[in-house]
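Below you'll find the structure, written out as structure tokens, and then a few comments.
Numbering of ligands and ligand atoms starts at 1, following listing order. Numbers for residues simply follow the sequence, beginning at 1. All values derive from a computational prediction rather than experimental measurement.
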Amino acid sequence: MKTIELIQGDITQLNVDAIVNAANTSLLGGGGVDGAIHRAAGRELLDECKQLNGCRTGEAKITKGYSLPARYVIHTVGPAWHGGNNNEEMLLEGCYKNSLLLASKHQLKTIAFPNISTGVYRFPKEKAAAIAIATVKSFLLDHPEIEQVVFVTFDQENFDLYQALL
Ligand code: ADP
């Protein structure tokens, strides 16, 4: 059965086929969830990321999960918020869609997302949550091969927003 789940906590602890990383275009690590994923996965993750030649905003690339409970990491680059007239909404939608497409292509069935772009990149949280949920719901309608999508919130504000919208 296809399900969408909401949990609050640390995405690096999840035992799913893939966790999604809110990375930057270098794919060489950063702060926030990116830093947490690299710390938990270990040095080999950085070594694999170095082979990928970065990633464009809105797109996604996949690596193994190494020391994480998750088998894979899907690295996507969210847009930084610059007021809303720089294609931010379409780019954020692309992050969710392209991550799910990659999961599907690799026969992965369970995938967990952080709240992409809502940290350092300052995308308005309510808008970001609405885009995340609408994009995932619409993807699942056409892709029954994906069995479970988990939204992982870290802060209380995002948790409350997702709970209300779901
Ligand atoms: P971005 O640059 O895309 O904004 P951030 O890592 O700064 O990326 O923030 C994205 C979201 O990830 C924020 O909502 C932040 O609270 C959340 N976050 C930070 N650490 C973790 C973690 N260990 N697990 C899940 N979410 C996290």
Side-chain angles (χ1 to χ4, degrees), residues 4-43 45-46 49 52 54-100 102-103 108 110-136 148-166:
I4 294 181
E5 257 193 61
L6 171 64
I7 66 164
Q8 188 164 22
D10 179 1
I11 199 167
T12 66
Q13 304 300 309
L14 293 194
N15 185 5
V16 286
D17 292 335
I19 61 171
V20 175
N21 182 15
N24 58 51
T25 53
S26 76
L27 296 185
L28 300 181
V33 71
D34 194 4
I37 288 172
H38 275 272
R39 278 193 299 277
R43 173 76 200 195
L45 177 60
L46 182 60
C49 283
L52 298 178
C55 181
R56 291 201 187 96
T57 304
E59 297 183 1
K61 293 193 176 178
I62 192 166
T63 65
K64 285 180 273 183
Y66 299 99
S67 297
L68 292 164
R71 287 162 56 214
Y72 293 91
V73 179
I74 294 174
H75 307 262
T76 188
V77 182
W81 182 259
H82 292 295
N85 293 319
N86 295 280
N87 214 23
E88 291 96 329
E89 299 192 21
M90 284 288 289
L91 289 167
L92 187 62
E93 186 180 323
C95 289
Y96 286 92
K97 202 179 286 176
N98 290 320
S99 296
L100 288 163
L102 208 46
L108 309 184
T110 58
I111 178 170
F113 283 98
N115 305 139
I116 300 165
S117 285
T118 68
V120 169
Y121 282 176
R122 297 186 158 280
F123 203 107
K125 288 180 181 174
E126 184 161 13
K127 224 184 260 295
I131 291 167
I133 291 167
T135 306
V136 165
Q148 189 187 39
V149 174
V150 186
F151 288 115
V152 184
T153 59
F154 202 60
D155 56 276
Q156 189 66 39
E157 189 185 350
N158 266 318
F159 182 78
D160 292 343
L161 282 168
Y162 272 79
Q163 204 171 37
L165 287 170
L166 286 166

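- To the nearest 0.5 Å, atom OG1 of residue T57 and atom CG of residue L91 are 6.5 Å apart.
- Annotation: side chain of I7 is in contact with side chain of L14 (closest heavy-atom distance under 4.5 Å).
- With values rounded to the nearest 0.5 angstrom, I19 atom CD1 is found 4.0 Å from I37 atom CD1.
- Residues passing the side-chain contact (heavy atoms from CB on, under 4.5 Å) test with R71 are D17, L108, sequence neighbours excluded.
- Applying the side chain to side chain donor-acceptor pair (under 3.5 Å) definition to pairs two or more places apart or across chains, none involves residues 77-92.
- Protein residues with a heavy atom under 4.0 Å from ligand 1 are G9, D10, I11, A22, G32, V33, A36, N115, S117, T118, G119, V120, Y121, F154, D155, N158.
- Residue pairs meeting the side chain to side chain donor-acceptor pair (under 3.5 Å) criterion with at least one member in residues 151-166, sequence neighbours excluded: N115-N158, N115-Y162, T118-N158, K125-D155, K125-E157, D155-N158, Q156-D160.
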